[in-house]
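Here is the structure we will look at, set down as structure tokens.
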Amino acid sequence: MSQPGPQGQPGSLDEGAQQQLIQEIGRTIVRSLPPGWQEVTVEYRALGEHHELVARLLAPNGTVIPLAAPPGVAELFAELRHGMYQADRGTWVSALYRLQRPGSYTVDFNGDYQPNWHTAPPAAAFAAELARYPRPAESTPEWLAAGAGGTEPVLRTAEVFDDNGRPITERPEISPAERDRVVEYLERAPIVLAARSYDTDRLDPNRSPAVPMTFHTDGSWIWPGAVGYYLRQHGVAPEADLVAHIRSRGFQVPEVDEQTREKAVAVITGERRG
């Protein structure tokens with residue numbers, strides 16, 4: 001979905017005006033809620049003229065119920081995004097507004113990680129974003145720069161084993177607090193190639209074969225299923241650049257289109273033939 005951008009100079013809202021607009025968004029959301037509501041989240045995602053608005057009600061039993069987008073809220077979010085622009089950082093691309101009864105609310109802004117789009121923005125949206133909200137190169141995320149340049153990201157392949165066929169263990173350790181989140185990212189990313197059998201655990205050969213013979217991709221990297229396995233079972237960290245990439249995405253796996261999946265398969269099979 002697209003919408004025209006707000007008028008006026010980007011970055012025109014001072015902190016007080018931003019808070020007033022945030023509160024107005026909250027009041028507008030509340031006016032559209034059904035009686036007896038307890039908790040609701042509204043997420044706004046935008047890039048160039050592309051925007052999405054997703055509203056969800058959390059029932060007392062934990063059930064998540066989709067809600068119709070509150071009228072007028074998208075325009076208020078767009079105004080806030082426009083007014084919060086900073087020349088050295090750009091502006092945010094997604095905002096999550098959480099309201100809890102009777103009057104508690106939080107708002108989280110994301111200016112670095114690619115949102116989990118419901119519908120992928122058109123190619124023109126990336127260039128339009130940087131034209132309207134320019135950022136220095138060092139503050140421009142890889143995914144945004146690649147899209148704005150009209151180039152396909154280069155798929156990097158993670159290495160698991162050394163020349164002797166053993167997992168590479170001399171890498172920076174991952175803290176226990178992050179380990180599960182990295183493993184989840186590695187294992188949730190789409191599988192593009194898989195065998196029906198399992199490989200032997202090379203750090204515990206007496207264990208029944210349990211290493212998945214799969215390949216995953218998130219559209220930027222390709223890695224064998226062994227990467228997640230050895231991290232989960234033995235604490236063997238992936239290479240540092242892949243871990244940094246996962247952190248830069250906020251541990252959120254993006255949508256990967258069919259063309260990118262096919263490209264990943266071509267990279268994998270080409271390397272295995274080579």
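Counting heavy atoms of neighbouring residues, nucleotides and ligands inside a 6.0 Å radius, atom NE2 of His118 does not exceed 12 of them. In the displayed structure, Gln23 atom CD is contacted under 6.0 Å by more than 12 heavy atoms of other residues, nucleotides or ligands. Residue Arg202 places its CZ atom among more than 12 non-hydrogen atoms of other residues, nucleotides or ligands, all under 6.0 Å distant. For Tyr198, the OH atom is loosely surrounded, since the number of other residues' heavy atoms within 6.0 Å does not exceed 12. More than 12 heavy atoms of other shown residues, nucleotides or ligands fall within 6.0 angstrom of atom CZ in Arg171. Around atom CD of Gln86, more than 12 heavy atoms belonging to other residues, nucleotides or ligands sit under 6.0 Å away.
Grouping the Ile, Leu, Val, Met, Phe, Trp and Tyr side chains by contacts below 4.5 angstrom, directly or via other members, places Val64 apart from Val40. A single hydrophobic cluster is not seen to contain both Ile168 and Val227; linkage of ILVMFWY side chains at heavy-atom distances under 4.5 Å, directly or through other members, places them apart. The cluster map of Ile, Leu, Val, Met, Phe, Trp and Tyr, joined by side-chain heavy atoms under 4.5 Å apart, puts Val30 and Leu21 in the same cluster. Using a 4.5 Å cut-off between side-chain heavy atoms of Ile, Leu, Val, Met, Phe, Trp and Tyr, with links allowed through other members, Val107 and Ile25 fall into the same hydrophobic cluster. Linking Ile, Leu, Val, Met, Phe, Trp and Tyr residues whenever their side-chain heavy atoms come within less than 4.5 Å leaves Val54 and Leu47 in two separate clusters.
Distance check: Glu173 CD to Leu231 CG gives 11.0 Å after rounding to the nearest 0.5 Å. Atom CG of Leu57 and atom CH2 of Trp37 lie 9.0 Å apart (nearest 0.5 Å). Between the CD1 atom in Ile222 and the OG1 atom in Thr217 there is a gap of 5.0 Å [rounded to 0.5 Å]. Rounding to the nearest 0.5 Å places CD of Glu39 at 9.0 Å from CG of Leu99. Interatomic distance, OG of Ser220 versus CG of Asp241, reported as 12.5 Å (0.5 Å rounding). For the atom pair CD (Glu24) and CD (Glu79), the distance works out to 9.5 Å, reported to the nearest 0.5 Å.
Annotation for Ala264 and Val192: closest pair CB-CG2, 4.2 Å, computed over non-hydrogen atoms. Nearest heavy atom pair, residue Ala125 against residue Pro121, reads CB-CB, 4.0 Å. A pairwise comparison of heavy atoms in Glu129 and Ala46 identifies OE1-O, 4.5 Å as the closest pair. Minimum interatomic distance between Pro238 and Ile174 (heavy atoms only, all atoms of both residues): CD-CD1, 3.7 Å. Between Ala189 and Trp223 the shortest heavy-atom distance is CB-CZ2, 3.4 Å. Here the closest non-hydrogen pair linking Pro224 and Val160 is CG-CG2, 3.6 Å.
Looking only at side-chain heavy atoms (C-beta outward), Val253 and Pro190 come within less than 4.5 Å of each other. The shortest distance between side-chain heavy atoms of Leu203 and Gln233 does not fall below 4.5 Å. Between Pro115 and Val93 there is a side-chain heavy-atom pair separated by less than 4.5 Å. A 4.5 Å side-chain heavy-atom check between Arg232 and Glu187 finds at least one atom pair inside the cut-off. Residues Arg31 and Pro70 fail the side-chain proximity criterion, which asks for heavy atoms closer than 4.5 Å. Within the 4.5 Å cutoff, side-chain heavy atoms of Asp218 are placed close to those of Pro254. Side-chain contact between Trp117 and Glu52: present, with at least one pair of heavy atoms (C-beta onward) separated by less than 4.5 Å. The shortest distance between side-chain heavy atoms of Val267 and Thr157 falls below 4.5 Å.
A donor-acceptor pair under 3.5 Å links the side-chain atoms of Arg261 to the main chain of Val256, judged by distance alone. Remark: the backbone N or O of Thr119 is paired with a side-chain donor or acceptor of His50 at under 3.5 angstrom. Formation of a donor-acceptor pair under 3.5 Å by the Arg135 side chain with backbone atoms of Thr91 is found in this model. Under a 3.5 Å cut-off, the side chain of Thr140 and the backbone N or O of Pro136 do form a donor-acceptor pair. Not a single donor-acceptor pair under 3.5 Å links the side chain of Gln38 to the backbone N or O of Gln100. Remark: the backbone N or O of Leu13 is paired with a side-chain donor or acceptor of Gln18 at under 3.5 angstrom. A distance-only check finds no donor-acceptor pair linking the side chain of Tyr133 to the backbone of Gly48 [under 3.5 Å]. The main-chain N or O of Asp88 is found under 3.5 Å from a side-chain atom of Ser139 such that the two form a donor-acceptor pair. A donor-acceptor distance shorter than 3.5 angstrom exists from the side chain of Arg249 to the backbone of Gln114, with no hydrogens or angles considered. Panel note: side chain Glu239, backbone Glu159; a donor-acceptor pair is recorded below 3.5 Å.
Considering only residues two or more places apart in sequence or on other chains, Glu184 meets the salt bridge (Lys or Arg N to Asp or Glu O under 4.0 Å) condition with Arg188.
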Evaluation steps, side-chain contact (heavy atoms from CB on, under 4.5 Å), between Leu33 and Leu67: CA-CA 9 Å; Leu33 297 179; Leu67 289 177; 3.8 Å; yes
Worked check of side-chain contact (heavy atoms from CB on, under 4.5 Å) between His245 and Arg156: CA-CA 11 Å; His245 167 73; Arg156 300 180 60 182; over 6 Å; no
Trace of the side chain to side chain donor-acceptor pair (under 3.5 Å) decision for Asp108 with Tyr97: CA-CA 7 Å; Asp108 295 317; Tyr97 205 124; over 6 Å; no
From CA spacing to verdict: side-chain contact (heavy atoms from CB on, under 4.5 Å), Ile22, Tyr105: CA-CA 10 Å; Ile22 288 171; Tyr105 73 90; 3.8 Å; yes
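When Leu242, Val243, Ile246 are each tested for a side chain to side chain contact (heavy atoms under 4.5 Å, CB included) with Tyr185, only one passes: Ile246. For the side chain to side chain contact (heavy atoms under 4.5 Å, CB included) test with Trp92, the passing option among Asp112, Asn110, Leu80 is Leu80; the others fail.
For Asp204 and His234, the side-chain atoms include no donor-acceptor pair closer than 3.5 Å.
Ring centroids of His216 and Trp221 are separated by 6.0 Å or more, keeping the two rings apart.
The cationic group of Arg81 does not satisfy the cation-pi geometry with Tyr44, failing either the under 6.0 Å distance to the six-membered ring centre or the 45° limit from the ring axis.
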